[in-house]
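Predicted model, so just to flag it, every value in this text is computed and none were measured.
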Number of protein chains: 2
Amino acid sequence: MPTPHYGQPRYRVIADELRTRIETGAIPPGALLPPESALMAEYRASRGTIRQAIGVLREARLVATEHGRGTYAALRSSENESGLLAGVGTVELIRVREVAADEDLAEAFEVEAGTALVERQSVQRVGSAVRLVKRTYRLRGDD
Amino acid sequence: MPTPHYGQPRYRVIADELRTRIETGAIPPGALLPPESALMAEYRASRGTIRQAIGVLREARLVATEHGRGTYAALRSSENESGLLAGVGTVELIRVREVAADEDLAEAFEVEAGTALVERQSVQRVGSAVRLVKRTYRLRGDD
DNA sequence: AGAAATTTGTCCGTATGTATC
DNA sequence: AGATACATACGGACAAATTTC
């Protein structure tokens, strides 16, 4: 199979399909997703494509992956596992994730509430103390 | 070379090296990074690895890529501090209000959830369309 | 305790399509 | 038209963490 990207790329289609499985409970919270090898067979896609699809879900914090174990559907309470405290710089990007637009954001972007937005959170430190937290929101279409 | 290393994936090492070049001014703001082919030769890495490294910097908004052009070092002074895209469109402060800290914010500021924070929301427009919404959070009385 | 199997992580090389200069 | 760069997709390989036998 060469590379026809008509419309949606395959990894996005696969990501959406897996997202639906998680959101409908076909894959319950905390459960393991099928291993990459199984998804390769099911979707007849290469491993790279499967991993790219899972990467989309991971960025959206819908799944979490552990080396040697597998990829789990996220638990609702495991939201604050960012734990990126390495930088000494003044501004540090903490995370990027997809969130559903609340009413305010939906009104600003003129979309329906619940539309997926990309949220970036960063913190500004003075010494070790957090001075400010910044969250920016963009449409998924990007810049 | 099969796959040496570990301790740090190659693409992260390359990303860190490029980040240093940008932050030290070896690659000045707005300047083009070397093309992928040059980085491939310099680091003896495959294209995918180079692109992955650049992807890390792009996500952190340290660089920006343009189709058919190349990858530029970001204009740190105006772009990184504000989180906005330099010089594009108009910025308008929408509102200031007090909100209760959610779990993420409480953890960042090292206070209890529910502590009052000052939230400022502003939007960046290009024409009439909203490009980006920014929300900043500070402790009350901290400016 | 140890070896094998499973699963994810990373890297390589290649190929095709698309967009811009 | 040609060069450059990006997006997507494939296949193969070895490394590392975990589980299973």
Measure from [atom1] on [X] to [atom2] on [N] and round the result to the nearest Å.
{"X": "Met40(B)", "N": "dA5(D)", "atom1": "CE", "atom2": "P", "answer": "11 Å"}
{"X": "Leu33(B)", "N": "dC6(D)", "atom1": "CG", "atom2": "P", "answer": "10 Å"}
{"X": "Arg51(B)", "N": "dG13(C)", "atom1": "CZ", "atom2": "P", "answer": "16 Å"}
{"X": "Ile50(B)", "N": "dT4(D)", "atom1": "CD1", "atom2": "C1'", "answer": "16 Å"}
{"X": "Tyr72(A)", "N": "dA17(D)", "atom1": "OH", "atom2": "C1'", "answer": "12 Å"}
{"X": "Gln52(B)", "N": "dA9(D)", "atom1": "CD", "atom2": "C1'", "answer": "15 Å"}
{"X": "Leu32(A)", "N": "dT8(C)", "atom1": "CG", "atom2": "P", "answer": "8 Å"}

Determine: side-chain N/O of [X] to OP1/OP2 of [N], distance under 4.0 Å, yes or no.
{"X": "Thr65(B)", "N": "dA5(D)", "value": "no"}
{"X": "Arg10(A)", "N": "dC10(D)", "value": "yes"}
{"X": "Tyr11(A)", "N": "dT8(D)", "value": "yes"}

Has the side chain of Arg47(A) got a donor or acceptor atom sitting under 3.5 Å from an opposite partner on the base of dG9(C)?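 For Arg47(A), whose side chain was compared with the base of dG9(C), there is a donor-acceptor pair (under 3.5 Å).
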Hey, does Glu66(B) reach any base, or is it just sugar-phosphate, or nothing, if we go heavy atoms under 4.0 Å?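 No contact.
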Is it the case that Thr71(B) and Thr65(B) place a side-chain donor and acceptor less than 3.5 Å from each other?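 Not at all, the side chains of Thr71(B) and Thr65(B) share no donor-acceptor pair under 3.5 Å.
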At what distance, to the nearest 0.5 angstrom, does OH of Tyr11(B) lie from CZ of Arg51(B)?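 If we round to the nearest 0.5 Å, Tyr11(B):OH and Arg51(B):CZ are 14.5 Å apart.
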Quick check for you: among dT8(D), dC12(C), dT10(C), whose closest atom lies nearest to any side-chain atom of Arg12(A)?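 Nearest to the side-chain atoms of Arg12(A), counting from C-beta on, is dT8(D).
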Both Ile54(B) and Ala45(A) contact DNA chain D. Taking the nearest nucleotide for each, which residue is further toward the 5' end?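 The 5'-side residue here is Ile54(B).
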Using every non-hydrogen atom in the two residues, find where [X] and [Y] come nearest and quote the distance to one decimal.
{"X": "Ala26(A)", "Y": "Pro28(A)", "answer": "O-CD, 3.6 Å"}
{"X": "Leu117(A)", "Y": "Ala101(A)", "answer": "CD1-CB, 3.6 Å"}
{"X": "Ile54(A)", "Y": "Val63(A)", "answer": "O-CG2, 4.1 Å"}

With sequence neighbours excluded, residues passing salt bridge (charged side-chain N to carboxylate O under 4.0 Å, His left out) with Arg21(B):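 Listed in chain order: Glu17(B), Glu42(B).
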Name all residues meeting the side chain to side chain contact (heavy atoms under 4.5 Å, CB included) criterion together with Ala45(B); count only those two or more places apart in sequence or in a different chain, and write none if there are none.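 Ala45(B) satisfies side chain to side chain contact (heavy atoms under 4.5 Å, CB included) with Arg10(B), Ile14(B), Tyr43(B), Thr49(B), Ile50(B) only.
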Could you pull out the protein-nucleic contacts involving nucleotides 2-7 of chain C (nitrogen or oxygen on both sides, under 3.5 Å)?
none

